[in-house]
Every structure is written in C-alpha cells, then in structure tokens.
Amino acid sequence: MFTGAHLLVYSKNPEADRAFFRDVLGFPSLDAGGGWLIFAMPPAEAGIHPLEGEFSQKHAGYDMLGAVLHLMCDDLDAAIASLKAKSVSCTVIQDAEWGKASTIPLPSGGQIGLYQPAHPTAFDLPRK
C-alpha cells in the first residue's frame with residue numbers, strides 16, 4: 001500500500017540547508033523545480049515518542065505531528081571525524097541506553113541528530 005515516506009525538514013534558511021545536505025552530507029538530490037531539491041535518504045525507521053509540550057507544524061491547513069531527524073551511523077566517532085574534516089563541528093557525544101548521540105549544526109542555525117544505535121534497527125523487517 002505504501003511506497004515510501006517523505007520527510008519534511010523546516011528551515012529558516014532552506015537554500016543554505018539544501019546546499020549542506022547536498023554538498024556536505026552528500027545526499028543525492030533532484031531538482032523538483034525552482035531549486036527545490038528532493039533528497040534520496042538512507043533507509044529509515046520511525047519511533048513514536050511521547051510528546052513534551054506543543055510540537056506541531058501547520059501544513060496544507062492541518063496541524064501535523066512534529067518530527068525530529070536523526071541520521072544513523074555504525075561508527076559515531078568516524079562520522080564526526082568525517083564531518084570535522086569538512087569544517088562541521090558536532091556537539092559533544094552523549095551516551096544513552098539507546099546509543100551514542102551528537103547533533104550536526106545546519107547553516108540555518110538548526111540542528112539534526114546523529115547517532116550510533118545500541119538498539120536493534122527495523123531496516124530489514126519484511127513489509128506487509
């Protein structure tokens with residue numbers, strides 16, 4: 001029934017963040033028109049977390065659920081070193097029961113998560 005998922009990242013400077021995703025993070029993209037880049041992303045999974053306060057985005061006239069983007073990696077230290085070589089300074093690594101985590105600053109001033117999971121991943125589960 002479902003063929004994919006489309007993640008929307010809201011930015012105060014979308015042009016700069018699009019260039020960062022393309023040039024620094026290296027995600028392939030296509031131009032959907034007018035410089036509106038759509039990025040191919042790595043395999044994804046979704047976790048549903050309890051809400052703390054108000055967290056939503058109005059889209060197409062509806063209040064949509066909020067979401068947080070975390071890129072996942074097998075070796076957080078190596079990923080951070082690779083980003084540092086591109087002049088990107090990630091935050092200090094934090095250890096949690098679910099993995100090791102940091103954040104990647106975006107040109108817009110926003111941040112996205114980066115983590116090495118310690119939990120099983122859902123990437124290879126069969127689809128119904």
Side-chain angles (χ1 to χ4, degrees):
M1 179 163 129
F2 302 108
T3 60
H6 185 88
L7 173 70
L8 301 176
V9 176
Y10 289 89
S11 172
K12 292 180 180 178
N13 188 342
E15 294 80 16
D17 287 347
R18 288 177 191 138
F20 185 86
F21 270 63
R22 181 191 61 219
D23 302 336
V24 176
L25 299 181
F27 292 127
S29 64
L30 58 83
D31 189 327
W36 198 279
L37 300 182
I38 305 294
F39 293 93
M41 299 295 288
E45 59 184 21
I48 311 299
H49 288 244
L51 184 62
E52 296 177 16
E54 185 62 30
F55 188 56
S56 66
Q57 174 68 40
K58 191 161 290 287
H59 187 79
Y62 296 95
D63 287 328
M64 305 294 282
L65 292 175
V68 175
L69 173 60
H70 286 270
L71 299 177
M72 299 167 73
C73 61
D74 293 329
D75 184 340
L76 184 61
D77 296 313
I80 289 173
S82 175
L83 288 165
K84 186 175 183 178
K86 297 176 181 179
S87 300
V88 177
S89 297
C90 295
T91 57
V92 174
I93 294 174
Q94 296 183 351
D95 290 309
E97 71 178 54
W98 45 266
K100 293 171 35 174
S102 180
T103 63
I104 302 170
L106 299 178
S108 65
Q111 297 190 48
I112 58 174
L114 174 63
Y115 86 104
Q116 177 181 327
H119 60 80
T121 62
F123 298 145
D124 297 323
L125 292 178
R127 308 238 189 261
K128 293 182 180 185

**Asked** So Trp98 and Tyr115, would you call those rings parallel, tilted or perpendicular, with 30° and 60° as cut-offs?
**Response** perpendicular

**Message:** Quick check: do Leu106 and Ile112 have side-chain heavy atoms less than 4.5 Å from each other?
**Reply:** yes

**Message:** Take a 6.0 Å sphere around CG of Asp74 and say whether it holds more than 12 heavy atoms from other residues, nucleotides or ligands.
**Reply:** no

**Message:** Can you confirm whether more than 12 heavy atoms, excluding those of His119, are under 6.0 Å from its NE2 atom?
**Reply:** yes

**For Phe123, side chain to side chain contact (heavy atoms under 4.5 Å, CB included) partners two or more places apart** = Pro43, Glu45, Met72, Thr121

**Request:** Would you give the length of the straight line joining atom CG of Leu76 to atom CG of Leu71, rounded to the nearest 0.5 angstrom?
**Result:** 11.0 Å

**Fill in**
What one should report as the nearest heavy-atom pair of Asp75 and Ala78 is OD1-N, 3.1 Å

**Prompt:** Are Leu8 and Tyr62 grouped together when hydrophobic residues (ILVMFWY) are joined by side-chain heavy atoms under 4.5 angstrom apart?
**Reply:** no

**Message:** Measuring from atom CG of Leu69 to atom CZ of Phe21, what distance do you get when rounded to the nearest 0.5 angstrom?
**Reply:** 5.5 Å

**Asked** Heavy-atom distance under 4.5 Å between the side chains of Ile38 and Ser29, does that happen here?
**Response** no

**Prompt:** Taking the side chain as C-beta and beyond, is there a heavy-atom pair between Ser102 and Ile80 under 4.5 Å?
**Reply:** yes

**Request:** Output, in order, the C-alpha distance, side-chain angles, deciding distance and verdict of side-chain contact (heavy atoms from CB on, under 4.5 Å) for Val24 and Val88.
**Result:** CA-CA 9 Å; Val24 176; Val88 177; 3.7 Å; yes

**Request:** Look at atom NZ of Lys84 and say whether more than 12 heavy atoms of other residues, nucleotides or ligands are closer to it than 6.0 Å.
**Result:** no

**Item:** Co-membership, hydrophobic cluster, residues Met41 and Leu30, 4.5 Å side-chain
**Value:** no

**Message:** side-chain contact (heavy atoms from CB on, under 4.5 Å), that's the test. Do Phe27 and Arg22 meet it? Break it down for me.
**Reply:** CA-CA 5 Å; Phe27 292 127; Arg22 181 191 61 219; over 6 Å; no

**Message:** Using every non-hydrogen atom in the two residues, find where Arg18 and Phe39 come nearest and quote the distance to one decimal.
**Reply:** O-CZ, 3.3 Å

**Asked** What closest approach, in Å, do Thr91 and Gln111 show between heavy atoms, and which atom pair accounts for it?
**Response** CG2-OE1, 3.7 Å

**Qualifying residues under side chain to side chain contact (heavy atoms under 4.5 Å, CB included), relative to Pro107, sequence neighbours excluded** = Ala16, Asp17, Phe20

**Prompt:** Hey, mind stepping through Cys90 and Thr103 against side-chain contact (heavy atoms from CB on, under 4.5 Å) and telling me if it holds?
**Reply:** CA-CA 6 Å; Cys90 295; Thr103 63; over 6 Å; no

**Asked** How about Asp95: does its CG atom have over 12 heavy atoms from other parts shown lying under 6.0 Å from it?
**Response** yes

**Item:** Closest contact, heavy atoms only, Asp31 versus Trp36
**Value:** OD1-N, 3.6 Å

**Request:** Output every pair passing salt bridge (Lys or Arg N to Asp or Glu O under 4.0 Å) with a member in residues 99-118, not counting sequence neighbours, ordered by first then second residue.
**Result:** Asp77-Lys100

**Asked** Can you name the nearest heavy-atom pair linking Pro14 to Lys12, along with the distance?
**Response** CD-C, 3.7 Å

**Request:** Kindly indicate, with the supporting measurements, whether the criterion side-chain contact (heavy atoms from CB on, under 4.5 Å) is fulfilled by Ile104 and Leu83.
**Result:** CA-CA 9 Å; Ile104 302 170; Leu83 288 165; 3.8 Å; yes

